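On a predicted model such as this, the values are computed, not experimentally measured, just so you know. Only heavy atoms go into these numbers, but all of them, side chains included; no hydrogens, no water, no symmetry mates. A note on names: the letters A, B, ... follow the listed sequences, proteins ahead of strands, and every chain is numbered from 1.
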2 protein chains.
Amino acid sequence: MARLPVYHRVLLDLQAGGQSTVSSEQLAELAGVNAAKVRKDLSHFGSYGTRGVGYEVDQLLADLRRELGLTHDWNCILVGAGNLGSALAKFAGFSERGFAVVAVVDVDRSKVGTHLGALTVSHDEEIGRLVADHGIAIGIIAVPPAAAQEVADRLVAAGVTSILNFAPTVLDVPDEVKVRDVDLAVELQILAFHEGRREPRRTG
Amino acid sequence: MARLPVYHRVLLDLQAGGQSTVSSEQLAELAGVNAAKVRKDLSHFGSYGTRGVGYEVDQLLADLRRELGLTHDWNCILVGAGNLGSALAKFAGFSERGFAVVAVVDVDRSKVGTHLGALTVSHDEEIGRLVADHGIAIGIIAVPPAAAQEVADRLVAAGVTSILNFAPTVLDVPDEVKVRDVDLAVELQILAFHEGRREPRRTG
DNA sequence: GGGGCTTTGTGAATCCGTGAACAAGGGCGG
DNA sequence: CCGCCCTTGTTCACGGATTCACAAAGCCCC
Ligand SMILES: NC(=O)c1ccc[n+]([C@@H]2O[C@H](COP(=O)([O-])OP(=O)(O)OC[C@H]3O[C@@H](n4cnc5c(N)ncnc54)[C@H](O)[C@@H]3O)[C@@H](O)[C@H]2O)c1
Ligand SMILES: NC(=O)c1ccc[n+]([C@@H]2O[C@H](COP(=O)([O-])OP(=O)(O)OC[C@H]3O[C@@H](n4cnc5c(N)ncnc54)[C@H](O)[C@@H]3O)[C@@H](O)[C@H]2O)c1
């Protein structure tokens with residue numbers, strides 16, 4: 001389910017706000033979904049809500065963390081230290097959510113050795129060693145589309161089993177490797193699609 | 001349908017490669033979906049495939065462009081010139097797909113007047129004027145979560161009717177405004193979820 | 001010009017996610 | 001200790017998306 005992470009995020013906010021229990025209705029409101037859906041989702045992994053009261057925030061967070069595999073931090077490797085890669089590497093928000101970018105590589109030798117936040121860019125060929133040394137399971141691809149498949153092959157060869165792909169390319173990987181694509185142009189096109197249905201022909 | 005933009009992208013590649021016709025099977029392969037799905041999707045807006053041959057790439061691209069509202073470019077306004085905002089503003093790939101970031105604003109006065117690629121950062125308060133002047137329908141939010149709702153309100157007040165939101169927050173907007181959320185931590189958590197199911201407890 | 005091959009378009013069966021509605025259950029006040 | 005009220009957990013029905021499978025249909029070669 002793609003909604004569990006959203007619940008997790010909302011619950012973190014509630015916990016930070018000092019709230020100890022939450023009803024499915026409130027959680028639904030904050031997560032922008034239906035209340036029945038929330039209850040069904042939570043019951044799918046043995047929820048422990050109290051009828052008449054709701055769910056205990058701490059307990060629910062612990063369950064969600066377990067379910068999402070966030071009981072420990074996940075180390076990630078970032079490939080491509082360009083525009084997007086730099087922004088990702090410098091971003092602090094991932095660590096709060098259980099993820100740590102522990103390595104950045106680039107094929108461009110002029111970038112190797114430069115710093116991005118606390119990280120130092122390594123060379124492309126080090127992927128294998130870095131993945132092994134840090135026990136990395138997740139790779140992030142932020143290279144031009146033409147290089148994405150090659151990078152994916154190397155990540156898979158190095159032992160990475162999950163890939164977050166920002167390049168607008170469909171990657172060909174073994175079945176056991178999970179890929180999620182983030183194509184921002186696709187997101188914009190979906191918005192434009194609805195925009196076009198709104199009123200046939202308005203300005204840009 | 002969220003697949004239409006992917007077909008569009010694949011067809012652009014095929015066209016660039018000089019291919020004049022494409023079968024539903026090939027298109028499905030390249031887009032990573034089922035062939036029947038492709039045919040059904042395309043038939044939904046009056047497709048003109050030739051039995052025994054396939055679809056004409058140019059014709060299909062033109063139909064898709066019309067369907068996706070890409071007959072003209074869409075002007076976008078970017079709010080937040082931080083890590084992520086800078087990367088987005090400098091990124092050239094959007095224009096090839098029918099989108100143009102024509103304005104960047106930030107609340108931080110020290111950033112106003114600085115350049116990001118060909119763009120100059122304007123101040124927050126100019127949102128209304130910029131949206132009106134450029135006929136902007138799409139806003140992109142790249143500010144910290146705490147400021148996202150306020151920015152969304154301003155965009156809506158200015159007349160923006162579609163929002164691409166990078167902040168990890170559920171935005172409250174009028175029904176007629178379309179929002180798409182891109183939360184990278186959520187994407188990573190979904191990967192971690194599958195990773196956790198793979199083998200209960202392995203390293204990072 | 002006709003037959004065969006290839007590929008489309010679609011009908012039907014199926015599966016999955018969604019949402020409404022309701023009975024079971026627990027706290028809480030009397 | 002009892003009954004009321006609130007919220008959960010679950011059942012059910014439904015709509016939409018997905019996939020299979022096949023008949024119609026165009027092209028090409030003989
Ligand atoms: N920048 C954005 O805002 C943005 C937005 C949407 C999508 N994207 C996508 O993200 C990807 C990266 O975009 P960008 O703007 O950062 O591009 P960029 O050109 O700024 O950076 C790409 C980096 O990848 C490196 N690289 C190239 N081949 C490599 C290889 N084989 N191994 C390792 N590193 C390699 C290059 O040296 C460069 O540093 C692109 O596919 C782009 O389409 C970017
Ligand atoms: N950087 C990333 O790689 C990344 C990754 C995932 C998500 N995000 C999300 O994207 C958003 C931006 O991230 P970032 O790293 O660019 O942050 P950042 O702090 O680098 O930049 C935020 C910018 O927004 C500006 N800003 C703040 N309030 C504003 C307002 N009311 N109006 C206009 N501008 C305002 C700030 O001045 C700053 O320049 C955050 O919500 C973050 O969670 C970023």
Side-chain angles (χ1 to χ4, degrees), chain A residues 1-8 10-11 14 19-64 67-68 170 175 178 180-181 186 189-190 193-194 197, chain B residues 1-8 10-11 14 19-64 67-68 170 175 178-181 186 190 193-194 197:
Chain A
M1 300 287 181
R3 286 187 298 272
L4 263 44
V6 179
Y7 301 154
H8 178 255
V10 169
L11 285 169
L14 288 175
Q19 193 168 334
S20 64
T21 66
V22 62
S23 71
S24 61
E25 192 129 6
Q26 186 189 6
L27 190 49
E29 169 78 19
L30 293 171
V33 300
N34 185 286
K37 215 183 299 190
V38 170
R39 292 200 293 275
K40 189 160 296 187
D41 287 345
L42 299 187
S43 71
H44 263 303
F45 58 95
S47 64
Y48 288 106
T50 310
R51 300 176 186 219
V53 176
Y55 301 85
E56 201 188 335
V57 172
D58 291 347
Q59 178 64 42
L60 196 49
L61 256 178
D63 289 347
L64 267 174
E67 194 68 13
L68 287 170
V170 176
D175 285 346
K178 285 262 177 292
R180 288 193 71 85
D181 294 298
V186 164
Q189 285 181 2
I190 292 171
F193 170 79
H194 294 297
R197 302 230 151 265
Chain B
M1 301 289 183
R3 286 187 299 272
L4 263 44
V6 180
Y7 300 154
H8 178 256
V10 169
L11 285 168
L14 289 175
Q19 192 169 333
S20 63
T21 66
V22 61
S23 72
S24 61
E25 193 128 5
Q26 186 189 7
L27 190 49
E29 170 77 20
L30 293 171
V33 300
N34 184 287
K37 213 184 298 191
V38 170
R39 292 199 293 273
K40 191 151 288 191
D41 286 346
L42 299 187
S43 72
H44 263 303
F45 58 95
S47 65
Y48 289 106
T50 309
R51 301 178 186 218
V53 176
Y55 300 86
E56 201 189 335
V57 172
D58 291 348
Q59 177 64 40
L60 196 49
L61 257 177
D63 289 347
L64 267 174
E67 195 68 11
L68 287 171
V170 176
D175 285 346
K178 284 262 178 292
V179 174
R180 288 193 72 84
D181 294 297
V186 164
I190 293 172
F193 170 79
H194 294 298
R197 303 230 150 266

Would you please name every residue forming a side-chain contact (heavy atoms from CB on, under 4.5 Å) with Arg180(B), sequence neighbours left out? Glu187(A), Ile190(A), Leu191(A), Leu164(B)
Please round to the nearest 0.5 Å and tell me the distance separating atom CG of Leu68(B) and atom CG of Leu4(B). 5.0 Å
Enumerate the residue pairs fulfilling salt bridge (Lys or Arg N to Asp or Glu O under 4.0 Å) with a member in residues 46-59 of chain A, sequence neighbours excluded, ordered by first and then second residue. none
Side chains of Tyr55(A) and Leu11(A): does their closest heavy-atom pair fall under 4.5 Å? no
Partner residues of Val170(A) under the side-chain contact (heavy atoms from CB on, under 4.5 Å) criterion, sequence neighbours left out: Arg9(B)
Polar atom pairs (N or O), protein with nucleotides 15-19 of chain C, under 3.5 Å:
| residue | atom | partner | partner atom | Å |
| --- | --- | --- | --- | --- |
| dT18(C) | OP1 | Arg3(A) | NH1 | 3.4 |
| dT18(C) | OP2 | Arg3(A) | NH1 | 3.1 |
| dT18(C) | OP2 | Arg3(A) | NH2 | 3.3 |
| dG19(C) | OP2 | Lys37(A) | NZ | 2.9 |
| dG19(C) | O6 | Lys40(A) | NZ | 2.6 |

Lys/Arg N to Asp/Glu carboxylate O, Arg39(A) vs Glu25(A), below 4.0 Å: no
Pick one: which of Val53(B), Val38(B), Val57(B), Val10(B) meets side-chain contact (heavy atoms from CB on, under 4.5 Å) with Val22(B)? Val57(B)
Can you find a heavy atom in the side chain of Gln189(A) that is under 4.5 Å from one in the side chain of Phe193(A)? no
Applying side-chain contact (heavy atoms from CB on, under 4.5 Å), can you list everything that pairs with Asp181(B), at least two apart in sequence or on another chain? Asn165(B), Val179(B)
Under 4.0 Å from a heavy atom of chain A: give me the 5'-most and 3'-most nucleotides of DNA chain D that qualify. dC6(D) to dC12(D)
Show me the side-chain donor-acceptor pairs of residues 26-36 of chain B shorter than 3.5 Å, one per line, residues at least two apart or across chains.
| residue | atom | partner | partner atom | Å |
| --- | --- | --- | --- | --- |
| Gln26(B) | OE1 | Gln19(B) | NE2 | 2.7 |
| Gln26(B) | NE2 | Gln19(B) | OE1 | 3.3 |
| Asn34(B) | OD1 | Ala36(B) | N | 2.7 |

What bend angle does the helix from dG1(C)-dC30(D) to dG30(C)-dC1(D) show across its length, from five-pair end axes and to the nearest 10 degrees? 10°
Would one find more than 12 heavy atoms of other residues, nucleotides or ligands at under 6.0 Å from atom CZ of Phe45(A)? yes
Contact list (N/O, under 3.5 angstrom) for nucleotides 3-7 of chain C vs protein:
| residue | atom | partner | partner atom | Å |
| --- | --- | --- | --- | --- |
| dT7(C) | O4' | Gly52(B) | N | 3.0 |

For Asp41(B), which residues count as a salt bridge (Lys or Arg N to Asp or Glu O under 4.0 Å) partner, sequence neighbours excluded? Arg3(B)
